[in-house]
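For reference, the structure is listed below as structure tokens.
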Amino acid sequence: MNDIGIWGLGVMGQNLALNFASKGYSISVYNRTEDGEDNIVSDFMDKVDSDYSIEGFTSISEFVSSLKKDKIVLIMVKAGTILDSVIEVIVPLLSKNDIIIDGGNSDYMDTLRRLEYLSEKDIDYIGCGISGGSEGALKGPSMMPGGSFQAWDKISSMFRDISAKDKYGNPCCEWIGKDGAGHFVKTVHNGIEYAVMQIIAEVYDIQKKLLCFDNVTISDNFKNWQTDELKNYLFEITSNLLILKDKDSNYILDSILDKSSQKGTGKNTVIASFDYNIPTPLISEAVNARLISGFYSNRTQLNQFYKMGKISEINKKEVEESLYDGIYLAILFSYLNGLELIRESSLKNNWNIDLGNIIKVWKAGCIIQSDILYFLEDVVLDSNNSESLYLNQKIAKEVNARESSLRKLVVNAILSGTPVSVLSSAVSFIDSLKSLQLPANLIQIQRDFFGYHGYEKINRDGQIYHLDGEV
Ligand code: 6PG
């Protein structure tokens with residue numbers, strides 16, 4: 001009888017199976033076969049080390065029967081209706097207290113729906129965000145489980161065994177919370193991923209167009225910015241990818257069409273931020289930047305139509321000196337946008353998410369792993385999950401030390417016509433957060449004038465006024 005069954009032998013499913021097996025667990029694997037794909041299980045089994053205890057199945061009932069009592073089935077299929085159809089097939093073969101785990105990038109509301117549906121059938125359900133791509137799945141992913149706590153109790157040691165470990169050896173796998181909290185946190189992880197990727201792209205663009213640096217110099221810069229406070233996975237891969245050459249010794253990056261795609265988790269983060277009234281401007285602008293890049297044919301035409309006016313001189317030295325502090329502060333605010341969204345939505349949903357656990361889980365294995373999280377761990381500890389992280393004195397110190405660099409980067413980029421959607425939104429966000437007076441009073445008077453929506457007045461707590469009572 002095997003410890004765990006994995007349904008779905010895409011690269012993530014295969015690598016998770018190998019990871020579990022390398023830690024001494026016995027695994028059953030199954031993949032639904034479509035026409036022309038009948039070798040998926042046997043092809044995988046051919047690759048498996050003979051020391052590993054992995055059994056491949058082409059029959060669903062044999063796959064399920066091969067599992068130990070209190071069966072654990074990890075489903076690694078595409079999020080959405082495919083997962084629902086897999087659940088429909090497997091549920092009749094399971095009994096009370098068996099556990100289904102969804103390890104895909106599901107929408108957290110779908111996870112909640114599935115949790116309620118399966119609890120009626122006495123099946124425990126876990127929605128587990130898994131980050132780190134195929135390499136993470138094999139060597140140790142970051143894992144964000146949520147849903148049925150009694151199921152977590154049974155799987156926690158297995159999951160911690162296969163997860164990534166931070167630099168002190170702690171597992172990057174912590175209980176996140178009930179409902180779809182695990183998938184919600186993975187969604188926000190991806191929102192932060194979008195923001196940091198776009199910040200890196202904008203800083204690459206500034207160095208290329210404004211400073212006229214070549215790929216090697218830009219690559220060296222990203223390597224040099226791998227400091228104790230900022231070291232991160234995305235800088236590491238960027239630095240390598242900038243100088244990756246094809247067989248003809250040309251940079252591959254320079255041949256790639258500048259049109260970025262998305263699967264929807266960034267969009268879902270933005271939808272959640274609007275649903276919960278929590279601003280995440282850096283993440284929203286990163287999603288927008290991907291959409292704008294998709295206007296490829298329009299951009300080619302508009303390049304001919306729109307001419308750039310005369311501009312004042314760019315200060316290249318100032319730009320070069322501002323790069324590191326500017327990128328640091330923008331990345332810091334990407335994490336803060338995401339963490340604040342998690343903190344507030346947890347309060348609103350009674351998820352009781354401990355932000356300290358989120359930091360622990362993200363420290364290694366995932367795409368946004370970064371040493372900035374060790375600093376954020378102290379910030380989160382101060383705030384005790386109840387106070388806005390933006391109010392923290394350590395954050396204020398970083399803003400005060402680095403804000404002028406970020407501003408100089410943005411000003412010079414705008415003067416030179418280099419788009420910096422996320423960097424500029426970071427500056428505007430910080431400016432808005434510290435504004436004693438925003439022009440929202442004008443919005444309010446307009447709303448009341450045309451829609452009788454009412455407004456509050458300065459120093460008159462909560463009372464609603466209308467123009468017709470005043471004039
Ligand atoms: C991860 C990644 C992974 C995937 C995303 C990105 O944490 O391992 O986030 O989940 O790469 O789906 O998707 P898009 O950029 O295509 O939206």
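Just so it is clear, the model here is predicted, and its values are computed rather than measured. Just follow the structure's listing: the first ligand is 1, and inside any ligand the first atom is 1.
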message: Can you confirm if the aromatic rings of Tyr335 and Phe375 lie within a centre distance of less than 6.0 Å?
response: no
Note to self: Centre-to-centre under 6.0 Å for Phe57 and Tyr30, is that the case here?
What the structure shows: no
**Asked** Can you find a non-hydrogen atom of Met197 under 4.0 Å from ligand 1?
**Response** no
(request) Could you tell me if any non-hydrogen atom of Gly133 lies under 4.0 Å from any atom of ligand 1? (result) yes
Could you say whether the N/O atoms of [X] and ligand 1 ever approach to under 3.5 Å?
{"X": "Gly132", "answer": "yes"}
{"X": "Tyr194", "answer": "yes"}
{"X": "Ile367", "answer": "no"}

Minimum-distance protein heavy atom relative to [atom]:
{"atom": "atom 5 (C) of ligand 1", "value": "Asn190 ND2, 3.5 Å"}
{"atom": "atom 2 (C) of ligand 1", "value": "Glu193 OE1, 3.5 Å"}
{"atom": "atom 12 (O) of ligand 1", "value": "Asn105 ND2, 3.3 Å"}

Quick one: sort the [X] and [Y] rings into parallel, tilted or perpendicular, breaks at 30° and 60°.
{"X": "Trp7", "Y": "Phe63", "answer": "perpendicular"}
{"X": "Phe184", "Y": "Trp351", "answer": "tilted"}
{"X": "Trp225", "Y": "Tyr324", "answer": "tilted"}

Is atom CG of Asp228 surrounded by more than 12 heavy atoms (other residues, nucleotides or ligands) closer than 6.0 Å? no
*asked:* Taking NZ in Lys139 as the centre, count heavy atoms belonging to other residues, nucleotides or ligands within less than 6.0 Å. Is the count above 12?
replied: no
Considering the heavy atoms of [X], write down every atom of ligand 1 situated less than 4.0 Å from one of them.
{"X": "His189", "answer": "7 (O)"}
{"X": "Gln262", "answer": "16 (O), 17 (O)"}
{"X": "Ser131", "answer": "1 (C), 7 (O), 8 (O)"}
{"X": "Lys263", "answer": "14 (P), 16 (O), 17 (O)"}

>> Could you check whether any side-chain N or O of Glu340 sits under 3.5 Å from a backbone N or O of Ser388, counting only pairs where one atom can act as donor and the other as acceptor?
In response: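 No.
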Are Arg114 and Tyr125 in a cation-pi setup, meaning NZ or CZ lies under 6.0 angstrom from the ring centre and within 45 degrees of the ring axis?
no
Just let me know how Arg290 lines up against ligand 1, side chain, backbone, both or neither, with a heavy-atom cut-off below 4.0 Å.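 Answer for Arg290: side chain.
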